[in-house]
Amino acid sequence: MTPGLEVLQGLNPPQREAVETIQGPLLIIAGPGSGKTRVITHRIAYLVRVCGVSPYRIAAVTFTNKAAREMRDRLQRLVGGSSNSLTVGTFHAFCALMLRRDGAPIGLDPHYSIYDSDDQLALIKRSMELADLDPKRHHPRSVQSVISKAKSVLMDSGALAQQRENYFEEVCARVYHHYEELLSRNNAVDFDDLLMKAVQLLQESQDVRERYQQRYQYLMVDEFQDTNVAQYRLARLLTGEDRNICVVGDPDQSIYSWRNADIRNILSFQQDYPQAKTITLEQNYRSTGTILEAAKSLITANGMRLHKDLFTENEPGVPITVHEAYDEQEEAEFVISQISQLVRENGHKPGDCAIMYRVNAQSRALEEACLHQGMQYRLVGGIRFYHRREVKDLMAYLHLLHNPQDEVNLTRVVNVPPRGIGAKSMQELVRWSQRENISLYTAMGRIAQARQQGEQCPAPLPSRAASSIANFCDIVQRLVQQSTQLPVVELIDQVLEDSGLRHHIQSGDDQPEERWENILELRETAREFNAEQPPDGLATLLERLSLVADVDSYEDSENSITLITLHQAKGLEFPVVFIVGMEEGLLPHSRSMDSETELEEERRLCYVGFTRAERRLYLLRAFRRGFMGSSGPTMASRFLREVPEHLIAAASRKVPAPAVRIPAVSTSYGASGASGWPSNKTPPAPPAAPRISLQTGDLVRHSTFGEGVVMECTPSSDDHEVTVQFSEVVGVKKLLLSFAPLEKLEG
DNA sequence: TCCTCATAACTTTTT
DNA sequence: GTTATGAGGA
């Protein structure tokens with residue numbers, strides 16, 4: 001056999017065709033569990049080992065760091081050491097590096113800071129002040145989203161001003177203009193800029209463009225359905241004459257349109273490259289027949305879709321379990337006890353099991369249940385590590401040292417820990433620096449210098465404030481000097497000491513141990529790639545840390561179950577999957593329910609959840625769910641109804657219509673068993689009052705109207721309106737559940 | 001200037 | 001149930 005040809009072994013015909021198609025544009029539509037990553041990595045291995053292409057000339061861009069890392073690991077195994085010279089990374093990381101190395105033609109200083117969305121928001125608020133806008137009238141967040149959206153389609157403020165469609169966009173364009181100026185004055189770029197400026201660079205500098213095009217002869221784009229216009233444009237710009245671009249995606253798993261991902265890129269691709277070959281991967285290797293069929297039924301409810309015919313040769317497996325709990329506590333307790341049972345009786349490990357939910361807030365009840373039942377768990381995401389205050393503070397110091405023009409980060413740390421430079425002093429200082437037309441950092445430098453030379457403070461500041469500022473400035477200047485010489489870990493230690501941050505955190509009364517742990521974790525991360533020493537160590541560290549999400553620190557552990565949002569679960573797989581909160585308003589989310597396209601995205605999200613499961617799938621809902629403090633009744637998710645009845649375990653019950661359970665006046669049926677409640681016996685302690693649950697079709701008895709059938713049960717403010725068909729004489733009555741003397745009949 | 005307390009406002013998903 | 005903001009007092 002020709003050396004290297006074993007990379008073709010074990011591939012099915014379409015997979016093999018995808019691997020062997022190396023010339024020209026290629027679109028791979030890859031259903032869930034169809035071996036997508038396998039195809040990408042084997043295709044790269046094929047290029048390197050069979051076709052003799054230098055790894056240096058191959059780039060693979062992904063959407064998340066996690067995907068990039070996984071790809072890198074697999075390639076390492078397939079092509080060995082030379083995989084190091086492959087370019088594998090996220091769009092953002094790729095752009096950040098390109099801009100740092102080659103950003104000069106578009107006037108970018110390589111020491112630029114990268115602002116995350118929080119920094120972005122802070123700067124937008126400042127821009128709104130400059131534009132004389134009342135933040136109460138226009139929500140900074142909405143402005144942020146308009147600006148970000150504009151950037152994602154490569155519109156600058158001028159373009160937005162021209163193409164505005166309403167008054168609000170006009171306002172945003174004004175803010176955007178100030179925002180652009182502030183960014184450039186701070187020598188900073190936001191996430192969107194990384195893409196937009198990279199495109200700008202490639203468009204405007206022929207030299208840079210040609211260099212990159214020559215270098216990258218083969219480009220692969222993973223999760224293509226999640227790319228936005230800027231990312232697609234970037235991919236096209238990187239693809240030179242050879243047009244060896246291969247994009248892989250699944251429109252049915254597009255769940256990031258809110259982040260301006262544009263499924264239409266797939267259509268554009270076919271238009272832009274009419275000669276492109278399309279290969280569809282339809283065989284699923286992951287899930288049981290039952291799970292796949294449920295997922296297929298669900299997704300066919302969506303309108304516009306690219307046709308796909310998924311199939312599997314796997315066993316049908318066990319039916320899907322649908323469980324209806326009373327509230328989220330019971331839901332959580334059920335899930336955890338179910339997992340314990342699977343571990344005891346079915347030979348599963350806790351690590352096989354994942355619980356997925358729509359919003360992070362849902363993890364709380366699950367965590368409590370884990371604690372309660374002594375189950376180890378790993379929470380993915382949540383309050384993100386890099387968003388924690390102490391972590392952001394330390395990061396802000398590091399950013400400041402690397403880029404002293406960065407006023408967002410300067411402002412953030414100037415009084416952390418408190419050193420007597422309050423809002424008032426800063427306001428004065430800003431005003432003075434503007435009059436003098438110098439940056440904040442320079443202004444501070446002047447004050448410090450005057451002080452050293454025993455001169456009077458040049459700025460109109462109280463002497464106390466002036467000396468605090470001079471002090472702070474001395475510290476920062478000293479650290480800036482050290483930043484180019486010390487390895488990053490030592491620099492971090494120095495910062496922690498000199499700034500007083502360590503003392504501040506450790507002596508604070510807000511969970512000092514935990515916060516210090518977080519600092520140490522950051523320090524540990526820095527130590528891990530300490531191999532990259534100064535002078536570039538700090539830049540690399542900042543770049544990486546600015547672009548990582550927490551999924552990256554995700555590690556398998558066979559003793560812990562996984563708690564994860566549906567979004568983050570994309571790309572993962574688990575033998576056992578629980579999806580909780582299958583309720584209208586949660587999944588689909590209430591903010592997506594009034595638009596058909598958004599609703600379809602919710603359905604795709606649900607589909608992503610279903611297709612993560614290999615062997616067992618559990619769908620859960622609660623009749624009542626806590627909602628910002630108070631709790632209220634819920635309606636079953638329409639997605640539950642889209643799962644064919646015959647795939648669901650007989651023991652579990654499926655709700656065809658809204659059902660509620662609230663305290664009732666009638667007590668005649670006593671214990672909870674009588675209400676037809678699922679058999680698990682864990683009603684949480686407090687609810688002493690008997691409860692009644694009604695759903696369409698239930699038989700009830702009313703003290704005056706007699707027996708009837710429930711037609712409908714809808715929640716109204718604090719109560720429930722029940723429509724009941726009584727005898728022909730009585731007719732249909734609408735009743736309020738809390739007042740009506742209703743009693744549920746079994747049968 | 002800084003800290004405490006109260007109030008409001010808000011929660012989708014993330015590079 | 002949370003976190004961001006504001007007023008008022010030390």
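Order of the sequence lines sets the chain letters (A, B, ...), proteins ahead of strands, with each chain counted from 1.
Among the nucleotides dT15(B), dT14(B), dG1(C), the one closest to any side-chain atom of Arg364(A) is dG1(C). The listed nucleotides are dT13(B), dC10(B), dT15(B); the one nearest the side chain of Phe191(A) is dT15(B). Distances from the side chain of Trp258(A) to the nucleotides dT1(B), dT11(B), dT14(B) place dT14(B) closest. For Asn65(A), the listed nucleotide lying nearest its side chain is dT15(B); candidates were dT11(B), dT14(B), dT15(B). Nearest to the side chain of Ser425(A), among dT13(B), dT1(B), dT15(B), sits dT1(B). Nearest nucleotide to the Pro418(A) side chain, out of dC3(B), dG1(C), dT15(B): dC3(B). You'll find that the side chain of Lys424(A) is closest to dT1(B), out of dT15(B), dT1(B), dT13(B).
Listed pair Ser592(A) / dT13(B) fails the phosphate criterion, with no side-chain N or O lying under 4.0 Å from OP1 or OP2. Asn260(A) has no side-chain polar atom (N or O) that falls below the 4.0 Å cut-off from OP1 or OP2 of dT15(B). One finds no side-chain N or O of Gln568(A) lying less than 4.0 angstrom from the OP1 or OP2 phosphate oxygen of dT13(B).
Distance Asp190(A) CG to dT15(B) P: 15 Å, rounded to the nearest Å. In this entry the distance linking CD of Glu602(A) with P of dT13(B) reads 11 Å, nearest Å. In this structure, the CG atom of Asn360(A) is 14 Å from the C1' atom of dG1(C), given to the nearest Å. Summarising the geometry, the separation between OH on Tyr357(A) and C1' on dT11(B) is reported as 14 Å, rounded to the nearest angstrom. With rounding to whole Å, Leu599(A) atom CG is found 15 Å from dT13(B) atom C1'. Spacing between atom CG of Leu547(A) and atom C1' of dT15(B) amounts to 7 Å, rounded to whole angstrom units. Put simply, CG on Leu586(A) is 16 Å from P on dT11(B), counting in whole angstrom units. At whole-Å resolution of the value, CG in Leu195(A) and P in dT15(B) are 13 Å apart.
Nucleic acid contact for Lys570(A): none, since no nucleic acid atom lies under 4.0 Å from a heavy atom of the residue. The residue Arg604(A) sits apart from the nucleic acid: no heavy atom pair falls under 4.0 Å. No contact: Asp192(A) has no heavy atom under 4.0 Å from any strand. His589(A) comes within contact range of the sugar-phosphate backbone alone, with a heavy-atom separation under 4.0 Å but no base atom that close. Within the nucleic acid shown, Phe91(A) has no heavy atom closer than 4.0 Å to any nucleic acid atom. Across all strands, Arg464(A) comes closer than 4.0 Å to no nucleic acid atom at all (heavy-atom distances). Arg389(A) comes within contact range of no nucleotide atom at all, as no heavy-atom separation falls under 4.0 Å.
Nearer the 5' end of DNA chain B, as judged by each residue's closest nucleotide, is the contact made by Ala423(A), out of Ala423(A) and Leu605(A). When each of His567(A) and Ala465(A) is assigned the nucleotide of DNA chain B bearing its nearest heavy atom, the one mapping closer to the 5' terminus is Ala465(A).
Other residues, nucleotides and ligands contribute over 12 non-hydrogen atoms within 6.0 Å of the CZ atom of Arg515(A).
Outside the 6.0 Å centre-distance limit, the rings of Phe191(A) and Tyr115(A) are not counted as a close aromatic pair.
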Handout entry: Verdict with reasoning, Asp474(A) to Asn471(A), per side-chain hydrogen bond (donor to acceptor under 3.5 Å, both in side chains)
Key = CA-CA 5 Å; Asp474(A) 288 342; Asn471(A) 236 335; over 6 Å; no
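At least one test fails for Arg603(A) against the ring of Tyr607(A): distance under 6.0 Å to the centre or angle within 45° of the axis.
When each of Asn265(A), Ile263(A), Val248(A), Val61(A) is checked for a side chain to side chain contact (heavy atoms under 4.5 Å, CB included) with Phe224(A), only Asn265(A) meets the rule. Exactly one residue among Glu328(A), Glu584(A), Glu331(A), Glu330(A) makes a salt bridge (Lys or Arg N to Asp or Glu O under 4.0 Å) with Arg625(A). That residue is Glu331(A).
For a distance-only test at 3.5 Å, the side chain of Ser546(A) fails to qualify as a donor-acceptor partner of the base of dT15(B).
Proximity of a side-chain donor or acceptor of Asn403(A) to a complementary backbone N or O of Asn186(A) within less than 3.5 Å is detected.
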